[in-house]
**Q** 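Before we start, here is the structure in question, set down as structure tokens.
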Amino acid sequence: MAIGSGKDTKDKALDDEGNGQSAGIPASGEVEGNSFSPMGNPGMKHWQTSFISEPGLNDRGNVFFAAVEMTRMPMLVTDPNQPDNPIVFVNRAFLDLTEYEEEQVIGRNCRMLQGKDTNPATVDEIRAALQEQRAVAVDILNYKASGKAFWNALFIGPIFDQGGKLLYYFASQLDITRRRVSEQSYLQAQKMEAIGQLTAGLAHDFNNLLHVTSGNQEVALELIGDGNEAATRAIERAQSAITKAAKLTQQLLTFARKQRLEPKRVNLNALVIEFSEMLIRTLGERVDLHLDLKPGIPSCELDPTHLEMALLNVLINARDAMPDGGKVIVGTSLLQDRDRVEAHGLQPGRYVVICIVDEGEGMLPEVARRATEPFFTTKGPGTGLGLAMVHGFVQQSHGQLEIDSTPGKGTTIRMIFPVADRAALDIMADRIEKNRAGNGPEWNVEAILERKTILLVDDSQDIRELSGTFLQSQGYRVLSAASGEEALDLLERYGNVDLLFTDIIMPGGMNGLQLMRKVRQLQPNIPVLIATGYMDDLTSVSGMRAGVEDGDGPLNILPKPFRLNDLAERVRAALKTETSKNPVRDFRHEG
């Protein structure tokens with residue numbers, strides 16, 4: 001809020017108009033406050049307080065009255081000399097803005113526009129300014145005759161007679177709902193992005209720790225063998241806990257939109273129907289599931305597994321919100337009407353919506369605003385990662401998540417996804433199929449006809465020692481490097497290798513993808529296995545679309561944390577691809 005001048009002009013010069021019929025105090029850059037300025041800059045010449053010689057509202061035959069009625073700026077006048085400061089004049093633009101008829105507003109106080117979510121502090125600020133007979137500018141949440149809320153950029157200024165007696169208050173208004181919603185969405189997006197970056201960084205480091213812990217437990221199990229059953233059970237319980245911790249980090253990465261997705265062409269109707277039995281079991285006997293699926297909706301480009309998990313998380317929340325039972329509706333629809341698309345704040349195009357409606361307890365507005373934050377939960381047990389994971393998945397899938405909730409009435413959650421381009425999906429399907437070729441579990445020992453050499457690159461010494469020791473136990477030669485520069489030095493020293501196994505993010509001036517390209521300049525056909533904890537590793541260092549491929553084709557990616565048996569399988573599969581034109585016999589052992 002900002003308070004401007006009253007009738008006390010002090011050292012301010014009056015601006016006279018009409019041979020003294022009226023005068024005013026120029027704004028001089030004041031009374032902008034937090035309200036919207038239609039001029040786009042602090043006003044200097046317009047009046048914030050005015051003085052008139054002839055009070056009255058009956059003279060309506062001049063050009064200035066016509067201009068007031070023609071302007072699109074809503075305006076009104078109130079009379080503070082009558083009880084309760086009623087409205088005595090409104091222009092047509094005010095009626096358009098508020099949806100009231102003139103006879104419904106004349107004689108009433110402006111508080112008629114206030115409602116349940118109008119900020120009382122803002123109302124107090126306006127009241128204080130009026131009591132001091134000063135100009136005031138605020139943004140206030142008002143309500144139309146239909147009950148629809150809108151943000152109002154409100155300016156109120158006093159009008160005095162030439163003797164300084166307060167005659168009227170003049171108010172101009174402007175609907176700034178779109179601007180306020182945009183600002184709030186931007187601030188929320190910034191907040192969620194900051195939380196996501198912090199979450200992703202922690203999850204990435206935690207993944208490395210889990211990888212080292214899990215791998216060493218696998219080694220310990222091999223060393224113990226069958227000789228100590230109690231120790232074996234203890235390690236297996238620890239491995240089970242690590243598996244749960246790894247799933248937790250994957251949920252965090254999904255929230256942060258760093259999870260690796262495998263998008264496919266998915267029809268939401270077909271997925272819901274195929275998954276409905278699982279949904280019914282999840283909801284339990286007290287909750288009825290109703291499907292309302294629009295026939296013929298087009299397909300989307302989504303990861304079906306992550307979509308199923310997102311749907312499960314939403315339904316679990318719906319079930320928990322109805323402890324005494326109730327009904328849940330899962331529906332689909334097509335969103336393509338231009339006005340409806342714009343109303344959702346989406347770019348022009350066609351979208352498919354999957355909507356989950358429950359009859360549960362609902363959420364207060366302040367709870368709904370934080371519902372997608374990680375670790376925020378109103379439940380006793382629980383991590384608070386359910387809707388956070390859903391939010392991350394939807395955002396990473398180029399969609400939009402919307403939550404509408406009313407306490408005591410229930411909650412509606414919409415996941416909105418863009419309709420897929422068929423040609424792009426066909427290309428994507430081909431690439432995924434090629435990516436899978438040669439990386440599956442179908443391998444045999446005969447695929448390795450001689451001892452192979454692996455260049456292992458990771459800045460974590462623990463991971464290098466763990467992975468290197470294991471690969472050596474599998475019969476491979478291993479060259480270990482802590483950086484890309486050190487890896488290239490090893491290549492120059494020892495000659496060609498059979499496989500490059502590298503992490504993405506490493507200290508120094510070279511990341512894993514840059515190392516891969518430099519090594520392929522020396523050995524064009526060398527197989528490469530990429531280890532990464534989350535997909536941002538790929539996009540941040542290379543700018544590749546979701547890290548699906550580089551210029552040489554699909555990337556062979558091994559997500560962290562991985563089990564040693566998975567590493568062995570992926571290495572064997574990678575070595576089945578075309579080997580280097582410079583065979584491993586060129587390997588030179590230093591010394």
**Q** Using side-chain heavy atoms (C-beta onward) and a distance below 4.5 Å, is I530 in contact with T502?
**A** yes

**Q** Please tell me if the side chains of M510 and L488 come closer than 4.5 Å, counting only heavy atoms from C-beta onward.
**A** yes

**Q** Taking the side chain as everything from C-beta on, heavy atoms only, tell me whether L567 gets closer than 4.5 Å to L529.
**A** yes

**Q** Would you sort out whether I454 and V497 count as a side chain to side chain contact (heavy atoms under 4.5 Å, CB included), showing the intermediate values?
**A** CA-CA 6 Å; I454 298 173; V497 296; over 6 Å; no

**Q** Might you point out which heavy atoms bring A310 and V390 nearest each other, and give the distance in Å?
**A** O-CG2, 3.5 Å

**Q** Flag the pair V352 / I354 as yes when at least one side-chain heavy-atom distance between them is below 4.5 Å, and no otherwise.
**A** no

**Q** NZ of K518 to CD of E485: how many Å apart, nearest 0.5 Å?
**A** 9.0 Å

**Q** Sub-3.5 Å donor-acceptor pair from the side chain of R570 to the main-chain atoms of I557, do we have one?
**A** yes

**Q** For the atom pair CG (L471) and NZ (K452), what is the distance rounded to the nearest 0.5 Å?
**A** 14.5 Å

**Q** Does atom CD of Q461 have more than 12 heavy-atom neighbours, drawn from other residues, nucleotides or ligands, at distances under 6.0 Å?
**A** no

**Q** Among L456, L575, L499, which residue satisfies the side-chain contact (heavy atoms from CB on, under 4.5 Å) criterion with Y476?
**A** L575

**Q** For the atom pair CG (D320) and CG (L315), what is the distance rounded to the nearest 0.5 Å?
**A** 11.0 Å

**Q** Please check: side-chain N/O of D503 versus main-chain N/O of V457, any donor-acceptor pairing under 3.5 Å?
**A** no

**Q** Between L291 and S276, which heavy-atom pair has the shortest distance, and what is it?
**A** CD1-CB, 4.5 Å

**Q** Kindly indicate, with the supporting measurements, whether the criterion side chain to side chain contact (heavy atoms under 4.5 Å, CB included) is fulfilled by F417 and L307.
**A** CA-CA 11 Å; F417 301 104; L307 177 58; 4.2 Å; yes

**Q** Once rounded to the nearest 0.5 Å, what's the spacing between atom CG of L479 and atom CD of E486?
**A** 10.5 Å

**Q** Tell me every residue that passes side chain to side chain contact (heavy atoms under 4.5 Å, CB included) with V357, counting only those two or more places apart in sequence or in another chain.
**A** I329, C355, T412

**Q** Determine the sole option in L346, L334, V419 for which the side-chain contact (heavy atoms from CB on, under 4.5 Å) test with Y351 is passed.
**A** L346

**Q** Between I416 and V394, which heavy-atom pair has the shortest distance, and what is it?
**A** O-CG1, 4.4 Å

**Q** Among residues at least two apart in sequence or on other chains, which ones pass side-chain hydrogen bond (donor to acceptor under 3.5 Å, both in side chains) with S405?
**A** T411

**Q** Taking only Lys NZ, Arg NE, NH1 and NH2, and the carboxylate oxygens of Asp or Glu, determine whether D404 and R414 approach each other closer than 4.0 Å.
**A** yes

**Q** Look up atom CZ in R350 and atom CG in L335, then write down how far apart they are to the nearest 0.5 Å.
**A** 11.0 Å

**Q** Side chain to side chain contact (heavy atoms under 4.5 Å, CB included) between V287 and D358: does it pass, once the steps are laid out?
**A** CA-CA 10 Å; V287 179; D358 68 58; over 6 Å; no

**Q** Give every residue pair that meets the salt bridge (Lys or Arg N to Asp or Glu O under 4.0 Å) criterion with at least one member in residues 276-299, sequence neighbours excluded.
**A** E277-R281

**Q** I'd like to check the side chain to side chain contact (heavy atoms under 4.5 Å, CB included) partners of A321; sequence neighbours left out, ordered by chain and number.
**A** none

**Q** For a quick test of reading the model, state the closest non-hydrogen atom pair linking V272 to L279 and the distance between them.
**A** O-CD1, 4.5 Å

**Q** Which heavy atom of P418 sits nearest a heavy atom of G399, and at what distance?
**A** CD-CA, 4.2 Å

**Q** Just by distance, with hydrogens left out, do H344 and E402 show a side-chain donor and acceptor under 3.5 Å apart?
**A** yes

**Q** Hey, is the main chain of F393 close enough, under 3.5 Å, to the side chain of Q396 for a donor-acceptor pair?
**A** no

**Q** Can you tell me if D498 uses its side chain to pair, donor with acceptor, with the backbone of T453 under 3.5 Å?
**A** yes

**Q** As an exercise, state the distance from CG of L312 to CZ of R319, rounded to the nearest 0.5 Å.
**A** 10.0 Å

**Q** So, for N565 and F470, which heavy atoms are closest and what is the spacing to 0.1 Å?
**A** N-CZ, 4.4 Å

**Q** Applying side chain to side chain contact (heavy atoms under 4.5 Å, CB included) to Q523 and L500, what does each step give before you reach the verdict?
**A** CA-CA 10 Å; Q523 294 181 236; L500 171 63; over 6 Å; no

**Q** Determine yes or no for a side-chain-to-main-chain donor-acceptor pair under 3.5 angstrom, with R464 supplying the side chain and D458 the backbone.
**A** yes

**Q** Taking the side chain as everything from C-beta on, heavy atoms only, tell me whether M415 gets closer than 4.5 Å to I356.
**A** yes

**Q** Contact between R520 and V528 at the side-chain level, heavy atoms closer than 4.5 Å - yes or no?
**A** yes

**Q** Does a side-chain heavy-atom distance below 4.5 Å link L564 with L466?
**A** yes

**Q** Considering residues at least two apart in sequence or located in another chain, which fulfil the side chain to side chain contact (heavy atoms under 4.5 Å, CB included) criterion with D566?
**A** R563

**Q** Residues in side chain to side chain contact (heavy atoms under 4.5 Å, CB included) with E359, at least two apart?
**A** M322, K327

**Q** Please tell me if the side chains of E301 and H398 come closer than 4.5 Å, counting only heavy atoms from C-beta onward.
**A** no

